[in-house]
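Position 1 is the first residue of the sequence, and the numbers go up from there. Start at 1 and go down the list; that is how both ligands and their atoms are numbered.
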Amino acid sequence: MTESVTTLAPLAETTDWWRQAAVYQIYPRSFADGNGDGIGDLRGIISRVPYLLQLGIEAVWLSPFYPSALADGGYDVDDFRDVDPKIGTLEQFDEMVAALHGVGIKLIVDIVPNHSSDRHAWFREALESPKGSNARARYIFRDGKGERGELPPADWTSIFGGPAWTQVPDGQWYLHSFATEQPDFDWKHPEVREDFLRTLRFWSDRGVDGFRVDVAHGLAKDLGDVLPSKAELKAMPKADGTHPLWDRDEVHEIYAEWRAVFDEYTPARTAVAEAWVETPERRAKYASPTGLGQAFNFDLMDADFDATHFRDIVTDNLAQSAVTGSSTTWVFSNHDGVRHATRYGLAPRAGRPGKQGADWVLAGGPADEIAAELGLRRARAATLFELALPGSAYLYQGEELGLHEVAEIPDERRQDPAFWRTTPETRGHDGLGRDGCRVPLPWTRTGSSFGFGTGGAHLPQPAWFADSSVEAEDGVAGSTLELYREALRLRRELQGAETLTWNEELSGGDVLAFTRPGGWLSITNFGDEPVALPDGELLVMSADPVDDTDGTALLPGATTAWLRRGEA
Ligand code: GLC
Ligand code: CA
């Protein structure tokens, strides 16, 4: 691997480094395995810091690395202030922070405040304590219905399918919005609030630069004595801050307290909310500077590869960020969704824009439905489009290799509770579940687990990973890895004020073009037919140009190009 860069430019030193950062999500158990037990770990991450540096990202978002039985890939946390012994130690965590900071890369860690795992000390205490005790009040316990309380307090379904209430030995029931192993906290309890402030300080003191807040819209709940039914819940408005479970207005009181903690540090710690809310206005509240400061917008994960959709999404989100004063976020892939190379290789679904990935996992991931080459070609064009936009770009490990979703995982090796908690009949939108985007990364063409480690991989890797490995792409002109490196390098050089101007002259039909300050032009051809390449210095292109009959270079279909032009 060539290592020409030794550290990143000082962008990382400013207080608002996060506003336009390219953030790379590491799903630690699937990134790199340092000790050969088949599970990615902190040693593995440390060993790959040169790779991250060379990739040119500005920050890492680390998915949960806490002690966990992995009932939900680590989002079931046993202890919020420790490292899972299976993947490292606190000392190694410090070493990792130092290694990243040493080359100018920031670190954002996942924080999971909606629930703990059922192995958390507090939940175990709750089980050992009587009904009505303080220990139970930190979670959401209720008596059951029916003559002997043998029925759940309500007929609610968990997000992963199956019931949302589980009975404990003394007959009471507890709420888990996700898996059974993920009991929801009661955020009205002062100890819960205090404990999370302690956790935020614990990691901030260790040098963590920011937090990705899991299920940020779920913490505040208002459950009276009489619980609504599932149907009643569904019928309740979700956009006015009064829904009993989701996106309640008072959740922002919690984040105001968190903000005070973030601001104790220099530079202030940052946060980005995962908030699935009804409207852009509701999302803006999470991005408020008096709250978490930034919120994910997942609109591009739910969009067809289509010029009009993309333009509308960008326009709406830039308008929203102008209102909040936060910067916009862009995401095509993460650990919860079907990889975008695969989504874009599937035919759009009539009347269900952006739902091809969801429908495909629901159908069991049929290989013959994916136009793999076209999907990757579009994904590369989409990413180059994304990296030219103002705001932060959140990239997911493996997308820089052009990885497709892995469908060929035998059922018995699947891990996602969204798969295990349902049957083909009851399966929600998750279908096969999310394991297909969580398969350990291929680093080499051959060898045990394609260089992930020396002891196999905790999810099986398909044979085609060889050609998408780092080794296969490193230094190879035109590879997806080299495209990401080049685009991220140019992005750092070109990045300016957070403004975008649509170029109306070049845009129209399947073509979308915009400029950024300094004469940076991005043009995407979403269609099939080549179009003219505008004048200017060609900086990078997501696919090779094609020649017109007179020999001039054209922008082919499903391709993005960046050019530098004289300032308009
Ligand atoms: C978030 C995470 C997802 C997890 C869930 C429960 O949506 O992104 O992976 O399963 O929260 O913690
Ligand atoms: Ca390991």
Side-chain angles (χ1 to χ4, degrees), residues 25-48 61-66 68-78 80 83-89 92 96 108-118 120 158-162 164 175-185 211-219 245-246 272-277 295-296 298 301 331 333-338 394 396 415-421 428-430 433-438 440-441 443 448-449 451-459:
Q25 180 189 357
I26 291 184
Y27 189 75
R29 293 170 180 89
S30 298
F31 184 66
D33 175 15
N35 66 350
D37 66 354
I39 301 168
D41 47 39
L42 301 191
R43 277 256 162 275
I45 297 173
I46 295 168
S47 75
R48 300 298 175 179
W61 149 27
L62 188 60
S63 278
F65 50 91
Y66 312 106
S68 169
L70 304 182
D72 180 24
Y75 284 88
D76 47 320
V77 179
D78 299 348
F80 294 96
V83 173
D84 190 339
K86 292 192 290 301
I87 70 171
T89 61
Q92 284 171 7
M96 179 185 68
I108 295 170
V109 298
D110 225 301
I111 196 103
V112 189
N114 180 68
H115 42 263
S116 70
S117 80
D118 60 350
H120 189 282
S158 94
I159 306 267
F160 294 148
L175 175 68
H176 50 91
S177 299
F178 295 87
T180 313
E181 298 86 350
Q182 293 167 297
D184 284 43
F185 282 121
F211 299 90
R212 177 264 185 192
V213 184
D214 192 65
V215 197
H217 57 305
L219 279 46
L245 296 177
W246 303 112
V272 56
E274 184 213 24
W276 294 93
V277 297
F296 281 123
F298 296 116
M301 289 186 84
V331 189
S333 286
N334 65 22
H335 66 298
D336 288 333
V338 174
Y394 285 84
Y396 177 52
Q415 300 175 6
D416 188 354
F419 176 78
W420 288 108
R421 293 179 60 85
H429 64 284
D430 286 323
R434 302 161 293 174
D435 294 316
C437 64
R438 300 174 176 185
L441 290 195
W443 294 90
S448 166
S449 63
F452 167 68
T454 54
H458 66 95
L459 278 169

Exercise. With the Ca ion (ligand 2) as the point of reference, which N/O/S atom of D33 is the closest?
Worked result: OD1
Exercise. Side chain, backbone, both or neither: which part of H176 comes within less than 4.0 Å of ligand 1 when only heavy atoms are counted?
Worked result: neither
Problem set entry | Ionic contact status for D84 with K86, cut-off 4.0 Å | yes
Exercise. D336 heavy atoms, cut-off 4.0 Å: which ligand 1 atoms fall inside?
Worked result: 2 (C), 3 (C), 7 (O), 8 (O), 9 (O)
Exercise. Which atoms form the tightest heavy-atom contact between W443 and A32, and what is the distance?
Worked result: NE1-CB, 4.1 Å
Exercise. Taking the six-membered ring for Trp, are the ring centroids of W276 and F296 within less than 6.0 Å of each other?
Worked result: no
Exercise. Which ligand 1 atoms does R438 reach within 4.0 Å, using its non-hydrogen atoms?
Worked result: 9 (O)
For this session: Might you work through the ring pair (Phe, Tyr, Trp, His ring centres under 6.0 Å) test for Y75 and F178, ending with a clear yes or no?
Result: CA-CA 10 Å; Y75 284 88; F178 295 87; 9.1 Å; no
Exercise. Rounded to 10 degrees, what angle sits at the Ca ion (ligand 2) between D37 OD1 and N35 OD1?
Worked result: 80°
For this session: Tell me which one of D110, D214, V215 gets a heavy atom nearest to atom 1 (C) of ligand 1.
Result: D214
Problem set entry | Pair D416 + R421, salt bridge at N-O below 4.0 Å | no
Seminar exercise, completed: Counting from 1 in the order shown, the ligand 1 atoms closer than 4.0 Å to a non-hydrogen atom of R434 are 3 (C), 4 (C), 9 (O), 10 (O)
Problem set entry | Nearest atoms (heavy-atom pairs only) where Q25 meets H335 | NE2-ND1, 2.9 Å
For this session: Using heavy-atom distances, let me know which of F178, F296, Y27 sits nearest atom 5 (C) of ligand 1.
Result: F178
Problem set entry | H115 neighbourhood, listing ligand 1 atoms whose heavy-atom distance to it stays under 4.0 Å | 6 (C), 12 (O)
Exercise. Does any N/O atom on E274 come nearer than 3.5 Å to any N/O atom on ligand 1?
Worked result: yes
Exercise. Looking at ligand 1, does F160 have a heavy atom less than 4.0 Å from it?
Worked result: yes
Problem set entry | Residue pair D76 / S117: nearest heavy atoms and the distance that separates them | C-CB, 3.5 Å
Exercise. Roughly, to 10 degrees, what angle do D41 atom OD2 and I39 atom O form around the Ca ion (ligand 2)?
Worked result: 100°
Seminar exercise, completed: If we number the atoms of ligand 1 from 1 as shown, the ones under 4.0 Å from a heavy atom of D72 are 4 (C), 5 (C), 6 (C), 10 (O), 12 (O)
Exercise. For F211 and I108, which heavy atoms make the closest approach, and how far apart are they?
Worked result: C-CG2, 3.5 Å
Problem set entry | Test side chain to side chain contact (heavy atoms under 4.5 Å, CB included) applied to E274 and V213, D336, N334, D110, the passing residue | D336
